[in-house]
Amino acid sequence: MHRSAPRLSRILACAAVPVMLVAVGCSSDSGSDGKKNAGSSSSGTASAKPSEPTVEAAKFTDLPDPCASIAKKTIEDLVPEAKKKGGTAGGSSDLAARSSCSWNGLDDQGVKGSQYRWLDVGFTRFDSDQSLGSGAERATDEYAKQVTKTKAAEGAKKVAAEPTAGIGEDATLVTYGLSKTDEDFAYATVVARTGNVVVTLTYNGAGFAGAKTPSSSDIVKGAQKAAKEAIAAVEKTADAGGAPSAKGDADDTKDAKKDAAGAKGGAGGEDSPKSKATPKS
């Protein structure tokens, strides 16, 4: 009896060893699987954020000098006896985004009376903006607004609008007549777009002291010629990698302020030259 008891204890002890090993093995596998499952779960919930769509970059980053955007020879042909051959620059707080220039003159032709001419050109440039859209899209919207605004000119008669080819990517010609100071004015406005820039050019004229009103066809031809040159000036800024910003000299700025209440190229806006028309007798 004394011998059998120790033997029985050894047998029971040996039998318990495999049970403990199995328990340890199960515990280890369970921990490994838990880690794998945890990693799988975290990777499943971590989803990549979708990238925001980017807008197209603006084609033009600057504007040309508006007073140099139309050739001197063209100015001489369209505005004989221009008061300021170099043009009068319009005021602007940001010449890289908005600029303009105008010319006007009264050509005294003696007993035949006098011919008055006005020409102005304006540039508006739009940058691309993530929330507002690309510069080209914004310019397209502005182009449509300018066409609508021109067609609704106050006092305009016989308004006509039609697309015109060969001037930028989009262009519309608007023609109409306007009576002011007892004279009949013939108007032609070309609204054009190239890339992210809108060009609005107006040319008009009238006869004074018995002179005939210029023909609409002559006014249209002049406006289209000048508009093509203005568009070409914009496109050259891209070729130059961004031309210097348009800057009017100090005299131009002073003249622009003096003329602000007077001569303007918009419908019914320019200062009438009637008081200056003194035909020779």
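- Ser128 places a side-chain N or O within donor-acceptor distance of the main-chain N or O of Gly135, the cut-off being under 3.5 Å.
- Classification of Asp77 and Lys73 as a salt-bridged pair holds, one side-chain N sitting under 4.0 Å from a carboxylate O.
- The CZ atom of Phe208 lies 12.5 Å from the CG atom of Asp107; values are rounded to the nearest 0.5 Å.
- No side-chain donor-acceptor contact under 3.5 Å links Arg138 to the backbone of Asn196.
- At least one donor-acceptor pair under 3.5 Å links the side chain of Tyr203 to the backbone N or O of Leu78.
- Residues Phe60 and Phe123 fall within the same hydrophobic cluster, defined by Ile, Leu, Val, Met, Phe, Trp and Tyr side chains chained together at heavy-atom separations under 4.5 Å.
- Side-chain contact between Lys83 and Asn104 is present, with heavy atoms from C-beta onward closer than 4.5 Å.
- Looking only at side-chain heavy atoms (C-beta outward), Gln115 and Gln109 come within less than 4.5 Å of each other.
- Defined by atom type and a distance below 3.5 Å, a donor-acceptor pair is present between the side-chain atoms of Glu229 and Thr74.
- Using a 4.5 Å cut-off on side-chain heavy atoms (C-beta onward), Leu201 and Ile70 make contact.
- The distance from the CD atom of Glu137 to the CD atom of Glu56 is 7.5 Å, given to the nearest 0.5 Å.
- Between Ser179 and Lys157, some side-chain heavy-atom pair lies under the 4.5 Å cut-off.
- For the pair Ser92 (side chain) and Ser99 (backbone), a donor-acceptor distance under 3.5 Å is absent.
- Across Gly195 and Ala139, no two heavy atoms sit closer than the pair O-CB, 3.8 Å.
- With rounding to the nearest 0.5 angstrom, the CG atom of Asp127 is 11.0 Å from the OG atom of Ser134.
- Side-chain atoms of Thr200 and Thr189, non-hydrogen and from C-beta on, do get closer than 4.5 Å to each other.
- Clustering ILVMFWY residues whenever any of their side-chain heavy atoms sit less than 4.5 angstrom apart, transitively, puts Ile219 in the very cluster that holds Ile75.
- Between Lys151 and Ala161, the shortest heavy-atom contact is CD-CB, 4.0 Å.
- For the pair Val174/Val159, a side-chain contact is recorded, criterion being any heavy-atom separation below 4.5 Å from C-beta on.
- The distance from the OG1 atom of Thr175 to the CD atom of Glu162 is 7.0 Å, given to the nearest 0.5 Å.
- Scanning all heavy atoms of the two residues, the minimum distance from Ala226 to Leu119 falls at CB-CD1, 4.3 Å.
- The heavy-atom pair separating Val121 from Ala230 by the smallest distance is CG2-CB, 3.9 Å.
- In this structure, Thr164 contributes its side chain and Leu173 its backbone to no donor-acceptor pair below 3.5 Å.
- No chain of hydrophobic side-chain contacts below 4.5 Å, direct or via other Ile, Leu, Val, Met, Phe, Trp or Tyr residues, connects Val190 to Val147.
- In the displayed structure, Glu76 atom CD is contacted under 6.0 Å by more than 12 heavy atoms of other residues, nucleotides or ligands.
- Closest approach of Ile167 to Gln224, counting heavy atoms only: CD1-O, 4.0 Å.
- Atoms CZ and NZ, from Arg125 and Lys59 in turn, are 14.0 Å apart once rounded to the nearest 0.5 Å.
- Tracing side-chain contacts under 4.5 Å through hydrophobic residues (I, L, V, M, F, W, Y), one reaches Val199 starting from Val220; they form part of the same cluster.
- Across Ala206 and Glu183, no two heavy atoms sit closer than the pair CB-CB, 4.4 Å.
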Could you go through Asp94 and Arg98, starting from their C-alpha distance and side-chain angles, then the distance that decides it, and tell me whether this counts as salt bridge (Lys or Arg N to Asp or Glu O under 4.0 Å)? CA-CA 6 Å; Asp94 186 355; Arg98 186 182 300 272; over 6 Å; no
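- Between the CG atom of Leu63 and the CG atom of Leu95 there is a distance of 8.5 Å, given to the nearest 0.5 Å.
- For Thr150 and Tyr187, the side-chain atoms include no donor-acceptor pair closer than 3.5 Å.
- Considering only heavy atoms from C-beta on, Trp103 stays 4.5 Å or farther from Lys85 through its side chain.
- Looking only at distances, a side-chain donor or acceptor of Thr148 sits under 3.5 Å from a matching main-chain atom of Ala144.
- Using a 4.5 Å heavy-atom cutoff, the side chains of Phe126 and Thr140 are not in contact.
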